[in-house]
S.K.: 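Structure in structure tokens, see below.
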Amino acid sequence: MTKIIHVSAECYPIAKVGGLADVVGALPKYQERSGITSQVIMPFYAKDFTKSTPLNCILNSTIYLAETAFDYEILEVPKKQLGFTVFLVKIQNLTDREEVYGYLDDTERFTAFQKVVANFLLLMEHKPDVIHCHDHHTGLLPFFISYAYKYKALKNIPTVLTIHNAQYQGEFSFDKLNYFPEYDLQHSGMLEWDYRINPLATAIKCVWKITTVSPSYLIELQKKANGLESLLQNEQPKSIGILNGVDPEVWNPKTDPLLIKNFSIQNVVSGRKANKEWICNEFGFDPNLPLVAFIGRFVYEKGSDLLPDVITQTFEKFNLNVNILILGSGDLETTSKLEEIQKKYDKKYNHHIGYNEKLSHIIYAGADFLLMPSRVEPCGLNQMYALRYGMIPIVSQVGGLIDTITDIDNGEEGFGITVKKISVHEICFGIQRAADVYNNKSFYSSKRKQIMKIDNSWDRSAEQYINMYHSLKNN
Ligand code: ADP
């Protein structure tokens, strides 16, 4: 096993929407360190990184979607930049835009991207030993290389799909089938789920191996996978769960350039104090009170719709003397409710609506508790970042949160606050427990040091991925 290529829509620091970027930005680096060549191919977006980085054009050609031609270039980010080589697929009028997702023609954008990837793989002199796809945006590729006549030469390369989030499946109607390369029609069933073309279902059916980003998420998906439960049950024998890791080169309070003050376990108290004071200054809070924060997308899966009621009841019903800070964006109804609440609870509750990488790092380093009332959490990276920075997570009991957080009531081993049921009352009760921990100064301080030592680094997970690749060779 010498060469892997990851196919992804995101990769940190080139383009990030969520955890997918963090994983694809870290895993190849750690695989390279284990002695294998690990590369990434992703769409080119008009982002700061692509504007400010010198890129070498290694291929230009034209791709067709039905009768429409699109010129494209493949640009290389040299290995010395990120520790692994990245190929950016710049398709004129399709991928070269600012946002990663959310356009009406996302189907066209990602279908064209995957066709270019297949063409590129065909031209590669030293072909990869494994093609590793991530989420539905890359789910058609395993089908193309298995059944399209043009890509026959790639047919025997093992394929892997990592499911970071099964909620999104990228489905579209069969009238777009003319975008596809000519393929063996007796395999049309591989594309279909619920009378539509479903790229996630297609990948699940076609790939040699499926991985999910935590072991518990794999079990959950058999029961709850946005319609794909029976398919995932069927494909269970070729599936394994591998927990994501944390990239300590990006997420290290000692060296993180985005922090107000860097710190390690030795000076955690003064380091976290400086970051907390900055936050309190910025958002009008009292630095002596426990500060509870939420960082994430406002979507149903993250439980963000519950936040307005959680904030109200924390102050009104539970009467807790805490401050609450939210960083995130998404659902507009949640946003407008939060705007209302902010006016009412000035100095107790505040937020930053939007995406802000720097602020997120300072929050991990300065706020006391991280609230994650998720209904679905395939792995969850926030809680692992929080631990590294000495912030105690308050989490629901789903997916990767089960695999990474042990309740503080579990004796010496415990370090987090788990919420048994996802309801406003239970979440407020979790915040109440957090306030109690905060007020028990010596206990709080020892737990903070304990969690900073937990090893969730990529080395462990990267090795599991490599073992999985090796198992494919023996298939
Ligand atoms: P998901 O990928 O489902 O959104 P993860 O927990 O896997 O959730 O990853 C979330 C990542 O995105 C973390 O690095 C988190 O800090 C970051 N993040 C989410 N929302 C924001 C935001 N509004 N501003 C800055 N970073 C954010």
Side-chain angles (χ1 to χ4, degrees), residues 8-27 48 99-102 134-137 162-168 212-214 216-217 220-221 226 241-253 256 258-259 279 282-283 293-304 307 325-331 334-335 338 350-367 370-389 391 393-396 398-405 456 458 461:
S8 172
E10 302 177 36
C11 174
Y12 183 82
I14 302 173
K16 170 169 168 177
V17 177
L20 169 63
D22 289 348
V23 174
V24 179
L27 179 58
D48 288 346
E99 300 304 325
V100 176
Y101 316 113
H134 296 266
D135 274 354
H136 77 81
H137 323 97
T162 293
I163 304 178
H164 298 255
N165 196 332
Q167 289 302 113
Y168 308 104
T212 59
V213 288
S214 71
S216 290
Y217 188 49
E220 274 175 24
L221 283 176
N226 201 9
I242 301 178
L243 196 66
N244 283 338
V246 171
D247 185 351
E249 282 168 19
V250 179
W251 296 96
N252 183 350
D256 187 337
L258 301 177
L259 300 191
I279 300 172
E282 198 75 4
F283 292 96
F294 170 96
I295 302 173
R297 298 175 292 121
F298 295 168
V299 290
Y300 180 80
E301 293 80 50
K302 299 281 178 200
S304 56
L307 291 172
L325 172 63
I326 290 182
L327 165 62
S329 61
D331 177 53
T334 303
T335 309
L338 291 175
N350 211 337
H351 56 223
H352 176 99
I353 304 296
Y355 188 91
N356 189 322
E357 188 75 26
K358 181 177 167 71
L359 179 58
S360 74
H361 287 235
I362 300 171
I363 294 175
Y364 292 120
L370 178 75
L371 182 60
M372 293 183 77
S374 306
R375 293 187 178 92
V376 181
E377 197 58 83
C379 174
L381 291 167
N382 299 20
Q383 82 280 12
M384 296 202 260
Y385 300 150
L387 296 175
R388 266 193 81 76
Y389 283 58
M391 179 194 207
I394 308 170
V395 301
S396 56
V398 292
L401 299 175
I402 301 175
D403 297 330
T404 53
I405 306 296
N456 280 317
W458 265 111
S461 318

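Counting starts at 1 for both ligands and their atoms, in listed order. Numbering starts at 1 and runs along the sequence shown.
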S.K.: With a cut-off of 4.0 Å, which atoms of ligand 1 are near a heavy atom of Tyr364?
M.R.: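 That gives atoms 15 (C), 16 (O) of ligand 1.
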
S.K.: Give me the residue, atom name and distance of the protein heavy atom closest to atom 25 (C) of ligand 1.
M.R.: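 The closest heavy atom on the protein side is Asn356 O, 3.3 Å.
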
S.K.: Please list the nearest protein heavy atom to atom 2 (O) of ligand 1 with its residue and the distance rounded to 0.1 Å.
M.R.: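 For atom 2 (O) of ligand 1, the nearest protein heavy atom comes out as Gly19 N, 2.5 Å.
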
S.K.: Nearest 0.5 Å, what's the OG-CG distance between Ser360 and Leu327?
M.R.: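 Interatomic distance, Ser360 OG to Leu327 CG, rounded to 0.5 Å: 6.5 Å.
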
S.K.: For the residue pair Tyr389 and His361, categorise the inter-ring angle as parallel (less than 30°), tilted (30 to 60°) or perpendicular (more than 60°).
M.R.: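 Because their plane-to-plane angle is over 60°, the rings of Tyr389 and His361 count as perpendicular.
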
S.K.: Do Asp331 side-chain atoms and Tyr300 backbone N/O form a donor-acceptor pair below 3.5 Å?
M.R.: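 Absent.
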
S.K.: Examine the proximity of ligand 1 to Lys16 and report which part, side chain or backbone, both or neither, has a heavy atom under 4.0 Å away.
M.R.: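 Within the 4.0 Å criterion, Lys16 contacts ligand 1 through side-chain atoms alone.
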
S.K.: For atom 19 (C) of ligand 1, grab the closest protein heavy atom and report residue, atom and distance to one decimal in Å.
M.R.: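 So the nearest neighbour among protein heavy atoms is Gly296 CA, 3.8 Å.
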
S.K.: Side-chain polar contacts of residues 14-25 - donor-acceptor pairs under 3.5 angstrom, sequence neighbours left out - could you list them?
M.R.:
{"unit_1": "Lys16", "atom_1": "NZ", "unit_2": "Asp22", "atom_2": "OD1", "d": "3.0"}
{"unit_1": "Lys16", "atom_1": "NZ", "unit_2": "Asp22", "atom_2": "OD2", "d": "3.2"}
{"unit_1": "Asp22", "atom_1": "OD2", "unit_2": "Tyr385", "atom_2": "OH", "d": "2.7"}

S.K.: Less than 4.5 Å apart, any side-chain heavy atom of Leu325 and any of Phe294?
M.R.: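 They are not in contact (no side-chain heavy atoms under 4.5 Å apart), so the answer is no.
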
S.K.: Indicate whether the side chain of Glu357 and that of Tyr355 have a donor and an acceptor atom separated by less than 3.5 Å.
M.R.: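 Short answer, yes.
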
S.K.: Answer with yes or no whether Gly328 contacts ligand 1, where contact means a heavy atom under 4.0 Å from a ligand atom.
M.R.: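 Yes; Gly328 lies near enough to ligand 1 that a heavy-atom distance drops under 4.0 Å.
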
S.K.: Show which atoms of ligand 1 fall inside a sub-4.0 Å distance from at least one heavy-atom site of Ser360.
M.R.: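 Heavy-atom distances to Ser360 below 4.0 Å select 25 (C), 26 (N).
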
S.K.: Are any of the N/O atoms on Gly18, whether in the backbone or the side chain, positioned under 3.5 angstrom from an N/O atom of ligand 1?
M.R.: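 N/O-N/O distance under 3.5 Å: no.
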
S.K.: Counting from 1, what ligand 1 atoms have a heavy atom of Gly380 closer than 4.0 Å?
M.R.: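 Reading through ligand 1 atom by atom, the close ones are 6 (O).
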
S.K.: Check side chain to side chain donor-acceptor pair (under 3.5 Å) between Thr162 and all other residues, then give those that pass, not counting sequence neighbours.
M.R.: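 Thr162: side chain to side chain donor-acceptor pair (under 3.5 Å) contacts with His132, Thr211.
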
S.K.: Backbone or side chain, does any N or O of Asn165 fall under 3.5 Å from an N or O of ligand 1?
M.R.: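 Checking ligand 1 against Asn165, no N or O pair falls under 3.5 Å apart.
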
S.K.: With a heavy-atom distance limit of 4.0 Å, tell me whether Asp22 approaches ligand 1 through its side chain, its backbone, both, or neither.
M.R.: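 For Asp22, the contact with ligand 1 is made by the side chain alone.
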
S.K.: Around atom 8 (O) of ligand 1, find the nearest protein heavy atom and jot down its residue, atom name and distance.
M.R.: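 Ranking protein heavy atoms by distance from atom 8 (O) of ligand 1, first comes Lys302 NZ, 3.1 Å.
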
S.K.: Using distance alone, decide if ligand 1 has a nitrogen or oxygen within less than 3.5 Å of any nitrogen or oxygen in Gly354.
M.R.: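 There is such a contact, yes.
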
S.K.: Looking only at protein heavy atoms, which one is nearest to atom 18 (N) of ligand 1, and what is the separation?
M.R.: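 Going by distance alone, atom 18 (N) of ligand 1 is nearest to Tyr355 CE1, 3.9 Å.
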
S.K.: Given the ring of Tyr364, does Arg388 sit roughly above its face, with NZ or CZ under 6.0 Å from the centre of the six-membered ring and within 45° of the axis?
M.R.: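 Geometry flag: not set, cation outside 6.0 Å or 45°.
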
S.K.: Any side-chain donor-acceptor pair under 3.5 Å between Tyr12 and Asp247?
M.R.: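 Side-chain D/A pair, Tyr12 to Asp247: absent.
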
S.K.: Show your reasoning for whether side chain to side chain contact (heavy atoms under 4.5 Å, CB included) applies to Asn226 and Tyr168.
M.R.: CA-CA 8 Å; Asn226 201 9; Tyr168 308 104; over 6 Å; no

S.K.: Please report which non-hydrogen protein atom sits nearest to atom 10 (C) of ligand 1, along with the residue it belongs to and the distance in Å to one decimal place.
M.R.: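 Result: Asn382 OD1, 3.3 Å.
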
S.K.: Could you tell me the residue and atom name of the protein heavy atom closest to atom 4 (O) of ligand 1, and the distance to it rounded to 0.1 Å?
M.R.: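 The answer is Arg297 NE, 2.8 Å.
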
